[in-house]
Structure formats: C-alpha cells, structure tokens
Amino acid sequence: MKKIILIGLFSALPVIVFNSCTKSNSQTLTAKTDKADDEGYITIDTSKIPDDQFGESVRYGRELMLKTAYYIGPNGINGKYLGNKMNCTNCHQDAGTKPHAFNLLSSHDNYPQYRGRENKVLTLAERVNNCIMRPHSGKPLPLDSKEMVAFLSYFKWISKFVPKDGNFKGAKNLEIEFPDVAASPERGKALFIENCARCHGNNGEGVYNADKSGYTYPPLWGEYGYQPGSSMHRVIKQAQWLKNNMPYDKVQPGKPYLTDKEALDIAAFVNDDKIHSRPNPKTFDYPDKMGKPIDYSHSPFQDNFSEEQHKYGPYKPIIAYWKKQGWKAVY
C-alpha cells in the first residue's frame, strides 16, 4: 500500500473535517486560485472588493470564514458564539472558494433551499447558523448582527464570479466510486496512525496555533470536534471531500492522491462512534426518512438495511434497492 501523508486532515462542518488552517490566508488563496484558473477553475480576485461600506462588510465576512474562532469563538473578540475553536475554512477551504471543497461560490444564489436535515426550506442565514450550532457546537448568531450581515455580504460578493445556474467546474465535491465491500475503520486506523496522528494527535485532538485562538490542525473527534449531525460525520460525504483535499500537499483540485477506497476507510475510522466520542451525540436530524442520506447511520430508515451498513456500506445494495423502488438515494 502506498504511503499517505495525511497532513491537516480536517479542513469542514460546517459543516467538518480536514485542512491546515494556517494555509488559508490571502497569499494561499491567491496562489491556489491562480493555479486553479490554469485548470479551468474560477479565480477570485479579492482586490476587486469595493472600497465602500458594503466592501467593508465583505472583507469582514471573509475574515470570519478564515478566523471564525478568533472573532466569535469561545474567547472571541467580537462575541462568543462558537463552542469550539474550529474555523469555517476547515471544511469550506480558502474561505469557501476552493474547488471541490464544500465550495460556497453559489451559496447566495442557491438559497432559500430545502434541507433534508431539518425537513424544511432554509434561508442562507439559517444555514449559516446551522453550521455554527452543529460543527461548532455554538449558539445562533442574531440575524441582524454585524457578523451575520458580513457572512451574507461575502457570499453575495463571491457569487458574482460564477454562472447564475451554478454550473461551474469545482462546484461540488468529487464523486466516489463505491467498492463492493464496506468501509473499514480498521484499515483507516492504520492509515491514521502512520500518517495523520503526528499532526492531529493520537487522540484526534488537533494542535492549537501559537496564541491558541484557533487550530493549526483541527480536532477530528472528542469534546471539541464536530457533532454527529454535521455533514462530515457521514462517511461518504467526508470521503468525497477527502478525495480532492487530502493530503493537502499531495493533491491539486480535481487530481486526487487517495484512492476512493482509502478515502472511505479514513472517513470510517475518524467517524467510528464506538471508539471516538463527540459532543452532543443525541442531537440527530432528518425527520423525514425519505430525505435521509444513505450514509446517515441513525434509524429509522425507509429501507431495511442496518445502521452498520448505512454507516459503512457496502452502499451499492442500498442504492440499488432505492432505485428499484423508484426512490432517489441521497448521499
């Protein structure tokens, strides 16, 4: 098996897992987006942010994406809304502009939107608070707060760079080809011990930055990790993210280093609830069984497959069953 240097595994959350947060600054954004443009990806030129009050709000919104905990974390200088010190850019890399990394360029155009997790139509502001409450274990921002307005201003501004139909290269995470076997926490553990523990710790606790305002390498589980209701707690969803983004020094947008099976195994280990605790593990969502993703492992289900198979697979039989019934499998 080839060696995998899984540095900075958690770039999510909310939505939720893996990246070297300190890499997500303006210099890195410029370098990565310029390189991405050569591959047909969209370039974001932050020098074009207007020099007016709206532009000031946009800039603050981008700062909130990059340094969420510094501004509104447990010791935030502008409010204490988060329950941990992870940053939005941990999952939505490069402040939500990196291709195939929970990209947010079309978020302003895509909301209001139906969300199966709540079984209702959410506004973009409600979706922001969804992330603050789940991956960040926090309390919702007031809808008229300076911070919420800044988030929405930033999302509106970056939406100018993409087609209004949301069809652009890098808009979605990379797809996973499912193997015929279940994802294995045991195989994932071996990969983690060999390649990930040196950055994220043997207990997945992460490493704080110099002033402890946030993380250089975020936690992957434990008291300050993301909650079970987070998207990164789903094995398929996390594996799709890992495929494009980790190891961060071995991949380029759209050019994976991990195999699909390896990404699934790593996600299976990180999300193994039998050995890894998480905050608020009883907060489960998806009240409508038909809207529940197939890799969401908490019953009840619309089908008769077990919680174990829903979490780890094999997924092909579940997808085939849903297709036979004329249902759309979400994952």
Side-chain angles (χ1 to χ4, degrees), residues 6-44 46 61-62 64-68 86-108 110 127-128 131 135-136 151 154-155 158-159 161-162 166-176 196 199-200 214-215 217-218 220 226 230-258 260 262-264 266-267 270 331:
L6 201 63
I7 300 173
L9 179 61
F10 188 139
S11 169
L13 217 206
V15 97
I16 318 173
V17 164
F18 315 106
N19 171 23
S20 173
C21 299
T22 56
K23 301 285 182 183
S24 297
N25 53 32
S26 58
Q27 290 78 17
T28 303
L29 177 62
T30 302
K32 288 188 177 182
T33 51
D34 285 348
K35 189 170 186 179
D37 189 53
D38 293 337
E39 302 291 340
Y41 292 106
I42 290 173
T43 298
I44 305 300
T46 56
R62 183 170 178 272
L64 284 168
M65 291 292 298
L66 295 170
K67 303 175 183 177
T68 322
M86 291 188 290
N87 299 309
C88 297
T89 199
N90 293 149
C91 294
H92 305 282
Q93 289 198 320
D94 291 338
T97 67
K98 183 180 177 182
H100 311 296
F102 290 139
N103 188 279
L104 296 175
L105 291 177
S106 285
S107 59
H108 186 267
N110 289 340
R127 184 68 182 93
V128 170
C131 282
H136 292 288
F151 274 122
Y154 175 71
F155 296 146
I158 61 176
S159 73
F161 290 84
V162 298
N167 185 19
F168 60 93
K169 189 175 181 181
K172 304 294 183 182
N173 290 358
L174 294 180
E175 294 298 323
I176 291 286
C196 312
C199 291
H200 294 281
Y215 287 95
Y217 303 108
L220 306 182
Y226 53 89
S230 306
S231 296
M232 279 293 194
H233 193 243
R234 292 164 44 201
V235 170
I236 295 176
K237 182 64 72 176
Q238 187 184 115
Q240 291 171 338
W241 189 96
L242 286 171
K243 182 177 177 178
N244 184 73
N245 297 293
M246 289 294 128
Y248 81 87
D249 58 348
K250 296 289 185 180
V251 297
Q252 296 178 19
K255 298 179 180 179
Y257 182 78
L258 297 173
D260 291 358
E262 288 167 343
L264 286 164
I266 293 169
V270 170
Y331 53 88

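Model, not experiment: these values are computed from the prediction.
- A distance-only check finds no donor-acceptor pair linking the side chain of Thr89 to the backbone of Met65 [under 3.5 Å].
- Among residues two or more places apart in sequence or in another chain, the ring-ring contact (aromatic ring centres under 6.0 Å, His included) test is passed with Phe168 by none.
- With contacts defined as side-chain heavy-atom distances shorter than 4.5 Å, the pair Val128/Phe155 qualifies.
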Passes side-chain contact (heavy atoms from CB on, under 4.5 Å), Met246 versus Trp241? Steps please.
CA-CA 8 Å; Met246 289 294 128; Trp241 189 96; 3.8 Å; yes

So Leu64 and Leu66, side-chain contact (heavy atoms from CB on, under 4.5 Å) or not? Walk me through it.
CA-CA 5 Å; Leu64 284 168; Leu66 295 170; over 6 Å; no

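- Looking at every heavy atom in both residues, Met86 comes nearest to Pro135 through CE-O, 3.1 Å.
- The minimum heavy-atom distance between Leu174 and Pro256, with the atom names listed, is CD1-CG, 3.8 Å.
- The salt bridge (charged side-chain N to carboxylate O under 4.0 Å, His left out) search around Lys243 returns Asp260, not counting sequence neighbours.
- A distance of 11.5 Å separates CZ of Arg127 from CG of Asn110, quoted to the nearest 0.5 Å.
- A donor-acceptor distance shorter than 3.5 angstrom exists from the side chain of Thr68 to the backbone of Cys88, with no hydrogens or angles considered.
- Using a 4.5 Å heavy-atom threshold, the side chains of Leu105 and Ser159 count as separate.
- Of the inter-residue distances, the one linking Ile158 atom CD1 with Ser106 atom OG reads 8.5 Å to the nearest 0.5 angstrom.
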For Leu258 and Ile266: C-alpha separation, side-chain torsions, deciding distance, then whether side-chain contact (heavy atoms from CB on, under 4.5 Å) applies.
CA-CA 10 Å; Leu258 297 173; Ile266 293 169; 4.2 Å; yes

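- Counting heavy atoms from C-beta outward, Lys237 and Met232 have side chains that stay 4.5 Å or more apart.
- Residue pairs satisfying the side-chain hydrogen bond (donor to acceptor under 3.5 Å, both in side chains) criterion with at least one member in residues 167-176, sequence neighbours excluded, are absent.
- Closest approach of Ala239 to Ala267, counting heavy atoms only: N-CB, 4.1 Å.
- Ala101 and Asn245 make their closest contact through CB-OD1, 3.4 Å (heavy atoms, listed as atom of the first residue, atom of the second, distance).
- Interatomic distance, CZ of Phe102 versus OG of Ser231, reported as 5.5 Å (0.5 Å rounding).
- Of the candidates Lys98, Gln93, Lys255, Asn244 forms a side-chain contact (heavy atoms from CB on, under 4.5 Å) with just one, namely Lys98.
- Looking at every heavy atom in both residues, Gly170 comes nearest to Asn103 through O-CB, 3.6 Å.
- The shortest distance between side-chain heavy atoms of Ile176 and Gln240 falls below 4.5 Å.
- Partners of Lys67 by side-chain hydrogen bond (donor to acceptor under 3.5 Å, both in side chains), not counting sequence neighbours: none found.
- With rounding to the nearest 0.5 angstrom, the CD1 atom of Ile42 is 9.5 Å from the CZ atom of Phe161.
- Rounding to the nearest 0.5 Å gives a distance of 12.0 Å between OG1 of Thr97 and NE2 of His92.
- Side-chain N or O atoms of Tyr154 include one that pairs as donor or acceptor with a backbone N or O of Ala95 at under 3.5 Å.
- Checking His100 against Tyr41 by side-chain atom types alone, a donor-acceptor pair falls below 3.5 Å.
- Between the OH atom of Tyr257 and the OH atom of Tyr248 there is a distance of 14.5 Å, given to the nearest 0.5 Å.
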